[in-house]
Q: 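First the structure, then my questions, so here it is.
All values derive from a computational prediction rather than experimental measurement.
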Amino acid sequence: MGKLAVLSLSVAALAVLIGERLITLRHLSLYYRELTQNYLPNCHHIEGIECGAEDTTILENGPAFLSTCVKHPDLPSYSDDPGKIYTLNLMDSKMKIKALNIKGDFDKDSFNPHGISLYTDDKDGAVYLFVVNHPQGNSQVEIFRFVEDENALQYIKTIKHELLHNVNDIVAVGTESFYATNDHYFTNGILKFVEPFLSLSWCDVVYYSPQTVQVVAGGFLISNGINISPDKRHLYVSDFLKHKIVVLEIQKNTVLSHVKEVDVGSLCDNIEVDRESGDLWLGCHPNGLKCVFHDPNDPPGSEVIRIENILSEKPRVTQVYSDDGSVIIASSVATQYGGKLLIGTVYQKALICDLKL
């Protein structure tokens with residue numbers, strides 16, 4: 001009888017724990033949020049993007065780069081084709097994308113691009129594109145040189161390291177150096193689910209250079225987007241399930257010190273930084289559970305958030321765009337240039353709108 005009582009109490013305690021964890025996870029995923037439409041003028045889908053533009057970035061005074069067709073085991077895929085990198089001139093009224101030809105000894109058939117970052121070498125003006133790649137579900141970083149007159153990428157090298165095990169996003173700070181986020185601590189699929197279920201804040205930021213590879217910041221509950229301030233003194237990291245943007249200061253030894261956190265009230269993915277104003281543009285998921293279940297009858301919505309004066313005592317956080325999924329599903333990035341706003345998604349389309357600034 002004693003053993004039965006202990007067993008009953010254990011089962012009851014486990015049920016309470018699971019119930020509490022499920023309630024917590026639902027709150028972390030903002031399952032209760034319902035959006036009010038907040039549209040921008042003259043929005044239209046980018047022709048040729050049907051399987052997502054998970055990350056985008058813009059070359060100074062140049063084209064936008066789009067990372068497309070990322071394949072993720074827990075998300076739908078609208079194409080079996082390998083991923084591609086496209087360019088798009090946001091000042092061109094035709095808004096035609098152009099696929100970048102990849103030159104060199106690179107396996108294009110397994111290309112599965114995720115986060116991207118551009119770096120311009122001050123010495124010779126050469127432009128490098130860093131791409132997070134997941135061939136066969138692995139994590140590695142590809143470095144290419146952008147050949148503008150050929151609209152091509154010249155493959156330079158692949159970087160693999162045990163600390164780069166679940167790379168989501170990247171920001172390049174040299175021709176072969178970068179900061180990157182790991183969005184999970186574990187690599188096993190079941191344990192990846194356990195992390196958010198138990199609210200394990202074990203995700204981190206890694207610094208990589210040919211001389212040094214080290215974890216430089218941690219304590220994130222899924223670390224997604226990362227980017228750098230125009231003066232190169234601060235990094236911004238999206239702490240996804242905590243609904244915050246974390247500001248970190250770059251020290252001389254590349255280690256990061258915590259400065260502040262800014263609440264955004266949404267599950268923000270990638271971060272783009274305006275070179276002139278320093279404003280942050282965030283592609284966000286207003287309801288995380290809808291992204292996971294991706295019910296076509298109740299699709300995940302999209303949200304774009306802007307942060308002004310993030311280093312001040314009172315940053316201004318505003319919602320620039322929102323949609324319930326009827327126009328665009330699962331926004332992951334927002335990039336502005338020349339009065340235009342380009343919104344990319346994890347696995348669906350890309351949208352471009354006129355900005356009301």
Q: For the atom pair OG1 (T335) and CG (D55), what is the distance rounded to the nearest 0.5 Å?
A: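 The CG atom of D55 is 7.5 Å from OG1 of T335, to the nearest 0.5 Å.
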Q: Between S177 and Q211, does a side-chain hydrogen bond (donor to acceptor under 3.5 Å, both in side chains) hold up when you go through it step by step?
A: CA-CA 9 Å; S177 58; Q211 297 78 33; over 6 Å; no
Q: Check step by step if side chain to side chain contact (heavy atoms under 4.5 Å, CB included) holds for V262 and V317.
A: CA-CA 9 Å; V262 178; V317 179; 3.8 Å; yes
Q: So which heavy atom on V273 is nearest to which on P230, and how close?
A: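 Distance-wise, the nearest heavy atoms are CG1-CD, 3.8 Å.
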Q: Return the minimal non-hydrogen interatomic distance between I271 and Y236, and the atom names on each side.
A: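 Heavy-atom minimum between the residues: CD1-O, 3.5 Å.
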Q: Is there side-chain contact between F178 and V206, with at least one heavy-atom pair below 4.5 Å?
A: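 Sidechains of V206 and F178: no contact.
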Q: Can you tell me if K71 uses its side chain to pair, donor with acceptor, with the backbone of D81 under 3.5 Å?
A: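 Yes: the side chain of K71 pairs with the backbone of D81.
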Q: Would you kindly say whether T254 and Q214 are connected by a side-chain donor-acceptor distance under 3.5 Å?
A: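 There is such a pair (donor and acceptor under 3.5 Å, judged by atom type) between the side chains of T254 and Q214.
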Q: Do I328 and L40 share a hydrophobic cluster (ILVMFWY, side-chain heavy atoms under 4.5 Å, transitive)?
A: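 Hydrophobic grouping puts I328 with L40.
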Q: So, the side chain of S332 versus the backbone of E54: is there a donor-acceptor pair under 3.5 Å, distance only?
A: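 Yes; at least one donor-acceptor contact below 3.5 Å.
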Q: For the rings on F130 and Y119, is their centre-to-centre separation under 6.0 Å?
A: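 So the answer is no for these two rings.
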Q: Check this for me: E261, atom CD, are more than 12 non-hydrogen atoms of other residues, nucleotides or ligands nearer than 6.0 Å?
A: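 Counting neighbours around CD of E261, more than 12 heavy atoms of other residues, nucleotides or ligands fall under 6.0 Å, so yes.
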Q: If you compare all heavy atoms of P113 against all heavy atoms of V131, which two are closest, and at what distance to 0.1 Å?
A: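 Where P113 meets V131 most closely, the heavy atoms are CB-CG1, 3.7 Å.
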Q: Show your working on side-chain hydrogen bond (donor to acceptor under 3.5 Å, both in side chains) between D323 and S326 and close with a plain yes or no.
A: CA-CA 7 Å; D323 171 59; S326 59; 3.1 Å; yes
Q: Between F144 and F106, is the ring centre distance below 6.0 Å?
A: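 For F144 and F106, the ring centres are under 6.0 Å apart.
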Q: Can you see whether N112 engages Q136 through a side-chain donor-acceptor pair at a distance of less than 3.5 angstrom?
A: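 No donor-acceptor contact under 3.5 Å links the two side chains.
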Q: R33 and E303: salt bridge (charged side-chain N to carboxylate O under 4.0 Å, His left out), yes or no, with the steps?
A: CA-CA 12 Å; R33 281 196 73 193; E303 187 172 26; 2.9 Å; yes
Q: Are I190 and F197 in one and the same hydrophobic cluster, where Ile, Leu, Val, Met, Phe, Trp and Tyr link if side-chain heavy atoms are under 4.5 Å apart?
A: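 The answer is no; the residues belong to distinct hydrophobic clusters.
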Q: Does a donor on one side chain sit under 3.5 Å from an acceptor on the other, for E272 and T57?
A: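 Indeed, the side chains of E272 and T57 share at least one donor-acceptor pair under 3.5 Å.
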Q: Tell me if the CG atom of D80 is crowded by more than 12 foreign heavy atoms within 6.0 Å.
A: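 Result for CG/D80: open.
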Q: Verify side chain to side chain contact (heavy atoms under 4.5 Å, CB included) between V141 and Y208, making sure each step is shown before the conclusion.
A: CA-CA 10 Å; V141 173; Y208 176 92; over 6 Å; no
Q: Any sub-3.5 Å donor-acceptor pair from S322's side-chain atoms to L35's backbone N or O?
A: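 Here the side-chain-to-backbone pair does not exist.
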Q: Closest heavy-atom contact between K98 and N151?
A: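 That would be CB-ND2, 3.5 Å.
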Q: What do the steps show when you test L221 against F240 for side chain to side chain contact (heavy atoms under 4.5 Å, CB included), and what is the final call?
A: CA-CA 6 Å; L221 187 55; F240 190 69; over 6 Å; no
Q: Take atom CG in D149; do more than 12 heavy atoms of anything else shown fall under 6.0 Å from it?
A: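 Yes, the 6.0 Å shell around CG holds more than 12 heavy atoms from other groups.
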Q: Could you measure the distance from the CE atom of M95 to the CD atom of E47? Nearest 0.5 Å is fine.
A: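 Spacing of CE (M95) from CD (E47) equals 13.0 Å.
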Q: Tell me the closest heavy-atom pair linking V320 and L355, and the distance in Å.
A: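 Reported closest heavy-atom pair: CG1-CD2, 3.9 Å.
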Q: Is there a side-chain contact between L66 and I85 (heavy atoms, below 4.5 Å)?
A: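 Side-chain contact under 4.5 Å: no.
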Q: Are the side chains of S139 and L164 in touch, meaning some heavy atoms are under 4.5 Å apart?
A: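 Answer no - side chains too far apart.
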Q: Below 30° counts as parallel, above 60° as perpendicular, anything between as tilted: where do the rings of Y32 and H27 land?
A: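 Because their plane-to-plane angle lies in the 30° to 60° range, the rings of Y32 and H27 count as tilted.
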Q: Using side-chain hydrogen bond (donor to acceptor under 3.5 Å, both in side chains), reason through D269 and H285 one step at a time and then give a plain yes or no.
A: CA-CA 7 Å; D269 203 330; H285 306 285; 3.3 Å; yes
Q: When rounded to the nearest 0.5 angstrom, what is the spacing between CD in E249 and CG in L311?
A: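 Taking CD in E249 and CG in L311, the distance rounds to 9.0 Å.
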Q: Parallel, tilted or perpendicular for Y207 and Y179, by the 30°/60° rule?
A: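 Plane angle between 30° and 60°, so tilted.
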Q: Decide yes or no for V167 and N182: does some side-chain heavy atom of the first lie under 4.5 Å from some side-chain heavy atom of the second?
A: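 Of all side-chain heavy-atom pairs linking N182 with V167, at least one is under 4.5 Å.
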Q: Indicate the atoms forming the closest heavy-atom contact of S257 with Q251, along with that distance.
A: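 Reported closest heavy-atom pair: OG-NE2, 2.7 Å.
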Q: Has S266 got a side-chain atom pairing as donor or acceptor with C268's backbone, closer than 3.5 angstrom?
A: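 No, because the side chain of S266 does not come within donor-acceptor range (under 3.5 Å) of the backbone of C268.
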Q: Under a single-linkage definition using a 4.5 Å side-chain heavy-atom cutoff for Ile, Leu, Val, Met, Phe, Trp and Tyr, are V173 and L235 assigned to the same hydrophobic cluster?
A: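 Yes, V173 connects to L235 through the hydrophobic network.
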Q: For a salt bridge (charged side-chain N to carboxylate O under 4.0 Å, His left out) check, start with the C-alpha distance between K244 and D239, then their side-chain angles and the critical distance, and finish with the verdict.
A: CA-CA 5 Å; K244 298 176 183 292; D239 200 338; over 6 Å; no
Q: Using only atom types and a distance under 3.5 Å, with no angle test, would you say the side chain of D298 pairs donor to acceptor with the backbone of K290?
A: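 Not at all, since once roles are kept as given, no pair shorter than 3.5 Å links the two residues.
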Q: Tell me, with the steps shown, if D354 and K340 meet salt bridge (charged side-chain N to carboxylate O under 4.0 Å, His left out).
A: CA-CA 5 Å; D354 289 342; K340 301 287 185 181; 2.6 Å; yes
Q: Looking at N309 and P315, would you say the former's side chain and the latter's main chain have a donor-acceptor pair under 3.5 Å?
A: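 Checking the backbone N and O of P315 against the side chain of N309, no donor-acceptor pair under 3.5 Å is found.
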Q: For the atom pair OG1 (T181) and CD1 (I170), what is the distance rounded to the nearest 0.5 Å?
A: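 Output value for this atom pair is 9.0 Å.
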Q: Testing the 3.5 Å rule here: is there a donor-acceptor pair between the side chains of Q336 and D274?
A: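 D274 and Q336 do have a side-chain donor-acceptor pair below 3.5 Å.
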Q: So with a 6.0 Å cut-off around CZ of R316, is the heavy-atom count from everything else above 12?
A: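 For R316, atom CZ is not crowded (no more than 12 foreign heavy atoms under 6.0 Å).
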Q: Under 6.0 Å from the six-membered ring centre of Y31 and within 45° of its axis: does the NZ or CZ of R26 meet both?
A: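 Satisfied, under 6.0 Å and within 45°.
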Q: To the nearest 0.5 angstrom, please state how far the CD1 atom of I226 sits from the CD1 atom of I245.
A: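 Those atoms lie 11.0 Å apart.
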Q: Could you check whether any side-chain heavy atom of H45 comes within less than 4.5 Å of a side-chain heavy atom of L351, counting everything from C-beta outward?
A: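 Side chain of H45 against side chain of L351, heavy atoms only: contact under 4.5 Å found.
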Q: Has the side chain of N166 got a donor or acceptor atom that lies under 3.5 Å from a matching backbone atom of F186?
A: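 At least one qualifying donor-acceptor pair exists.
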Q: Is there a side-chain contact between E176 and K157 (heavy atoms, below 4.5 Å)?
A: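 Yes; the side chains approach each other to less than 4.5 Å.
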Q: For side-chain hydrogen bond (donor to acceptor under 3.5 Å, both in side chains), just list the numbers for E142 and T158, CA-CA rounded to whole Å, side-chain angles, deciding distance to a tenth of an Å, and then say yes or no.
A: CA-CA 5 Å; E142 317 291 355; T158 296; 2.5 Å; yes
Q: Is there a donor-acceptor pair closer than 3.5 Å between any side-chain N or O of S331 and the backbone N or O of I343?
A: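 Between the backbone of I343 and the side chain of S331 there is no qualifying donor-acceptor contact (under 3.5 Å).
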Q: With distance as the sole test, does N89 use its side chain to make a donor-acceptor pair with the main-chain N or O of P63 at under 3.5 Å?
A: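 No: the side chain of N89 does not pair with the backbone of P63.
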Q: So for atom OH, which belongs to Y337, do other residues, nucleotides or ligands contribute more than 12 heavy atoms lying within a distance under 6.0 Å?
A: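 Above 12, so yes.
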Q: Should we count NZ of K84 as having more than 12 external heavy atoms under 6.0 Å?
A: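 Atom NZ in K84 is not crowded, with 12 or fewer foreign heavy atoms closer than 6.0 Å.
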Q: Is the backbone of W202 close enough, under 3.5 Å, to the side chain of E195 for a donor and an acceptor to pair up by distance?
A: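 The answer is no, because no donor-acceptor pair under 3.5 Å joins these two groups.
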